[in-house]
Protein chains: 2
Amino acid sequence: MPKKIDHEARKQDIAKATWQVILDGGIEAASVRNIANEANLSLGALRHYFSTQEELLDYAMELVKSRCEARIMQVVQQNYPPKQLVTKVLLELLPIDRESMAEMQVWFAFTLHLKYKHGKAFRQTDGIREAVQRALVFLSDSGQLKKEKDLAKETEKLYALIDGLAIHRFLNPELFSGEYTAEILTEYIDDLCKK
Amino acid sequence: MPKKIDHEARKQDIAKATWQVILDGGIEAASVRNIANEANLSLGALRHYFSTQEELLDYAMELVKSRCEARIMQVVQQNYPPKQLVTKVLLELLPIDRESMAEMQVWFAFTLHLKYKHGKAFRQTDGIREAVQRALVFLSDSGQLKKEKDLAKETEKLYALIDGLAIHRFLNPELFSGEYTAEILTEYIDDLCKK
DNA sequence: AGCATAATAATACAACTGTACTAAAAAAGG
DNA sequence: CCTTTTTTAGTACAGTTGTATTATTATGCT
């Protein structure tokens with residue numbers, strides 16, 4: 001039997017090449033040829049691991065998701081005090097460093113791609129809204145919130161703030177540093193809590 | 001001399017066809033052929049008004065911008081009390097009805113398009129951040145703000161909230177009604193002001 | 001009417017897309 | 001060494017893209 005290759009590891013390499021291509025040229029540049037080039041593979045070789053473009057994009061997106069979830073789980077397992085924990089978790093949703101910036105762009109490009117592909121049938125499946133909600137419920141249960149607020153609306157505000165900050169940092173990375181972005185979110189959460 | 005046609009009006013028709021195409025299929029669908037079809041024109045006819053695709057997209061984008069500005073100016077000229085005025089102005093930045101939803105999608109698709117086209121050289125030119133800032137300065141000068149806040153940071157928060165809400169409504173239009181979106185923004189501004 | 005010219009239509013071309021197919025290369029088992 | 005099967009490379013095909021070119025239509029002025 002021939003060369004034994006770790007398919008999963010190889011697929012991850014290709015997924016990372018996909019991220020790089022999207023990072024450079026957006027989803028419009030994510031052609032199978034561009035990705036194969038970036039991964040130093042021939043078309044046929046690429047096709048051997050992903051038989052269709054959709055399959056490849058799905059995989060690249062899932063990998064972003066699972067990596068983000070892993071980062072969050074790592075934060076959760078260390079036990080910080082409530083407010084600090086929530087802040088650290090939500091900071092993981094922002095594109096602070098180069099890596100999370102890439103992930104965010106992939107997530108974004110891909111979400112748009114799915115939105116237009118499925119039209120009215122599209123539903124967001126990343127559990128970000130739910131995560132934000134859980135964070136607020138946790139703060140509330142811990143008695144940290146300033147006063148009894150409408151948790152549903154507070155969730156939407158915080159969630160919107162997070163995605164808005166993410167987009168603004170994405171569009172203006174040099175005017176909008178990672179530290180400044182983090183500072184704004186931290187301050188917002190602090191305002192929600194009792195002094 | 002031959003048929004005399006109002007070029008500017010015609011260009012606006014084509015721009016609206018462009019919006020429709022982007023609305024249906026995203027920027028990826030905004031090919032000259034798709035747009036020509038939507039506008040019931042041949043390729044040659046379309047080319048008679050816009051000699052290049054970039055020129056067409058630029059025009060379509062500028063039209064969005066000027067229409068949005070016009071809506072805001074109309075609000076500003078009626079003189080509401082400060083808080084209500086600011087709220088009404090900022091509500092114009094959200095995709096509430098079908099028309100503003102289309103404009104927002106075009107703005108968004110196009111901003112992304114420019115971002116990836118110009119790479120690091122890209123700068124956002126829509127004056128939205130400045131508009132938000134002016135709104136807050138106006139509130140502050142009117143003595144409506146709850147306490148002395150860091151206006152720069154408050155601008156970023158409010159601006160992020162607006163764009164976050166816009167995106168969430170765009171991605172989930174039926175779970176996230178225009179009224180609900182408006183309510184959240186209104187409540188946020190209300191929280192900023194003295195009781 | 002007839003001419004000048006704006007407006008439209010039709011076609012062509014090179015580049016790129018996703019997918020498919022075929023054949024060559026490479027490596028582990030016997 | 002030699003077979004077997006994974007892995008890779010190369011090419012082909014049909015479709016779409018932006019742009020260019022050419023020809024045709026239609027209209028308003030003299």
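Lettering of chains follows the sequences in order, A, B, ..., and the numbering in each one begins at 1. These numbers were taken from a predicted model, which means no experiment stands behind them. Reckoned from all heavy atoms, side chains included, excluding hydrogens, waters and symmetry mates.
Side-chain contact check for B/Asp24 and B/Gln20: at least one donor-acceptor pair (N or O, by modelled atom type) lies under 3.5 Å.
Nucleic acid contact for B/Ser31: sugar-phosphate only, since backbone atoms but no base atoms lie under 4.0 Å from a heavy atom of the residue. Heavy atoms of B/Phe50 sit nowhere under 4.0 angstrom from any nucleic acid atom.
A sub-4.0 Å separation between OP1 or OP2 of C/dA6 and a side-chain N or O of B/Tyr49 is absent. Contact annotation: B/Thr52 side-chain N/O to D/dT19 OP1/OP2 distance is under 4.0 Å.
Projected onto DNA chain C by closest heavy-atom contact, A/Asn34 and A/Ser51 fall at different nucleotides, the more 5' of which corresponds to A/Asn34.
Put simply, CD1 on B/Ile5 is 13 Å from C1' on D/dT25, counting in whole angstrom units. In this structure, CG of A/Leu43 is placed 14 Å from P of D/dA12, rounded to the nearest angstrom. D/dT17 atom P lies 10 Å from atom CG of B/Asn37, rounded to whole Å. The NE2-P distance, from B/His48 to D/dT19, rounds to 17 Å in whole Å. Distance B/Ile14 CD1 to C/dT8 P: 9 Å, rounded to the nearest Å. Atom CG of B/Leu41 and atom P of D/dT25 are 19 Å apart (whole Å). A straight line from CD of B/Glu55 to P of D/dG18 spans 14 Å, rounded to a whole angstrom. What separates CZ of A/Arg33 from C1' of C/dA15 is a distance of 11 Å, to the nearest Å.
Under a 3.5 Å cut-off, the side chain of B/Lys88 and the backbone N or O of B/Tyr80 do not form any donor-acceptor pair.
Taking only side-chain atoms of A/Gln53, from C-beta outward, the nucleotide of D/dG18, C/dG18, D/dT8 with the closest atom is C/dG18. Of the candidates C/dA20, C/dA7, D/dA20, D/dA20 carries the atom nearest the B/Arg47 side chain, counting heavy atoms from C-beta on. Listed nucleotides: D/dT19, C/dA7, C/dG18. Nearest to the side chain of B/His7: C/dA7.
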Ring pair (Phe, Tyr, Trp, His ring centres under 6.0 Å) between A/Phe108 and B/Tyr116, worked out: CA-CA 13 Å; A/Phe108 201 49; B/Tyr116 283 117; 9.6 Å; no

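A salt bridge is absent between A/Lys11 and A/Glu62; no separation between the charged side-chain nitrogens and carboxylate oxygens falls under 4.0 Å.
A cation-pi arrangement is absent between B/Lys65 and B/Phe110, since the terminal nitrogen or guanidinium carbon is not both under 6.0 Å from the aromatic centre and inside a 45° cone about the axis.
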